[in-house]
Amino acid sequence: MKSLLWILPLTAALATSCTKTADPANPAVTAQVLNQQFISAWNSKNAIQLDTMFADDVHFLQGETHFQGKSEVSNRWVRETMGTISNLRLNVASSATDAQTAYEGGTYNVDVTPTTPGVPMGEGEGNFILLWKKNPKGVWKLSYAQLEGLPVRVK
């Protein structure tokens with residue numbers, strides 16, 4: 001029994017040396033963190049902040065719609081819809097993060113404000129995937145967003 005006692009300190013030393021401690025200066029980035037920042041910017045209608053989150057070669061797809069590049073995605077998706085879509089909520093079904101990519105996929109819900117007077121509020125829902133990649137400077141950018149929505153329902 002005494003001959004095995006040397007294993008305990010060695011095991012403790014190995015376990016301690018292999019444990020990665022969190023660096024408060026560089027908190028771990030996950031798809032959840034990135035998407036929460038995106039949701040916060042969207043729900044506060046901060047188009048400028050959203051612009052900074054997009055990769056230069058970002059893609060947005062929804063049905064037959066395909067916008068490509070930061071300028072087109074910012075103008076045609078964000079600025080054209082932000083005034084009518086609020087309270088974005090995600091229900092995540094799948095998520096993963098590695099050193100260079102992070103994604104979440106699942107379903108989304110939004111409140112839809114009509115553009116025509118007298119039309120009731122609506123609720124939109126559908127499926128989503130948001131894919132984030134690190135750019136050459138090591139900054140996370142939204143590279144791909146796909147939304148497949150169901151018809152808007154009266155709230």
Side-chain angles (χ1 to χ4, degrees), residues 16-155:
T16 304
S17 68
C18 293
T19 303
K20 188 173 185 179
T21 58
D23 178 2
N26 293 314
V29 174
T30 64
Q32 295 87 355
V33 169
L34 295 165
N35 286 344
Q36 190 54 51
Q37 291 171 355
F38 180 86
I39 291 168
S40 178
W42 186 279
N43 287 340
S44 64
K45 302 198 181 300
N46 190 339
I48 294 169
Q49 183 180 3
L50 288 168
D51 289 348
T52 67
M53 294 180 177
F54 295 137
D56 290 337
D57 61 348
V58 64
H59 290 265
F60 170 80
L61 288 86
Q62 185 171 30
E64 294 181 8
T65 300
H66 181 192
F67 302 139
Q68 187 173 339
K70 186 175 187 173
S71 178
E72 186 175 26
V73 170
S74 292
N75 290 324
R76 306 225 22 228
W77 175 37
V78 174
R79 285 174 177 74
E80 287 186 13
T81 62
M82 185 174 276
T84 60
I85 296 174
S86 60
N87 195 20
L88 172 61
R89 304 166 307 279
L90 301 181
N91 302 297
V92 177
S94 180
S95 179
T97 304
D98 64 27
Q100 296 297 316
T101 59
Y103 84 90
E104 278 190 332
T107 61
Y108 70 89
N109 295 82
V110 293
D111 295 335
V112 180
T113 304
T115 56
T116 307
V119 175
M121 289 284 295
E123 182 174 26
E125 62 183 351
N127 301 318
F128 81 94
I129 182 168
L130 298 175
L131 175 66
W132 300 81
K133 292 182 183 179
K134 273 190 183 176
N135 70 10
K137 294 180 180 178
V139 178
W140 289 95
K141 297 291 182 174
L142 185 62
S143 177
Y144 180 88
Q146 184 167 352
L147 307 176
E148 298 303 330
L150 299 169
V152 174
R153 295 176 297 151
V154 173
K155 217 172 175 184

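Only heavy atoms go into these numbers, but all of them, side chains included; no hydrogens, no water, no symmetry mates. The shown structure was predicted, so the numbers you read here are calculated from the model rather than taken from an experiment. By convention here, the first residue in the shown sequence is residue 1.
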CA sep, side-chain torsions, deciding dist, call: V29, T97, side chain to side chain contact (heavy atoms under 4.5 Å, CB included): CA-CA 8 Å; V29 174; T97 304; 5.7 Å; no
Side chain to side chain contact (heavy atoms under 4.5 Å, CB included) assessment of F67 paired with S74: CA-CA 9 Å; F67 302 139; S74 292; over 6 Å; no
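The heavy-atom pair separating P114 from P120 by the smallest distance is CG-O, 3.6 Å. In this structure, T107 and F128 approach most closely via the heavy-atom pair O-CE2, 3.3 Å. Shortest non-hydrogen contact noted between S86 and N43 is C-OD1, 4.0 Å. S95 approaches V92 most closely through the heavy-atom pair CB-CG1, 4.0 Å. Heavy-atom minimum distance, A102 versus L34: CB-CD1, 4.0 Å. Taking each heavy atom of D57 and H59 in turn, the nearest pair found is O-CD2, 3.2 Å.
With respect to the salt-bridge test (charged N to carboxylate O, under 4.0 angstrom), the residues E123 and R153 qualify. Between D51 and R79, at least one side-chain N (NZ, or NE/NH1/NH2) sits under 4.0 Å from a carboxylate O, which counts as a salt bridge.
Here OH of Y108 is found 9.0 Å from CG of L88. Values are rounded to the nearest 0.5 Å. The distance from atom CZ of R76 to atom CD of Q68, rounded to the nearest 0.5 Å, is 12.5 Å. The distance from atom CD of Q37 to atom CG of L142, rounded to the nearest 0.5 Å, is 11.5 Å. Note that CD of E104 and CG of L130 are 7.5 Å apart. Values are rounded to the nearest 0.5 Å. Atoms CG and CH2, from N35 and W42 in turn, are 13.5 Å apart once rounded to the nearest 0.5 Å. Atom OG1 of T30 is separated from atom CG of D98 by 12.5 Å, given to the nearest 0.5 angstrom.
Taking 4.5 Å as the limit, some side-chain heavy atom of L50 sits within range of a side-chain heavy atom of M82. Counting heavy atoms from C-beta outward, K141 and V58 have side chains that stay 4.5 Å or more apart.
Ring planes of W77 and F54: tilted class, angle from 30 to 60°.
Sparse packing is recorded around NZ of K133, with 12 or fewer heavy atoms of other residues, nucleotides or ligands lying under 6.0 Å away.
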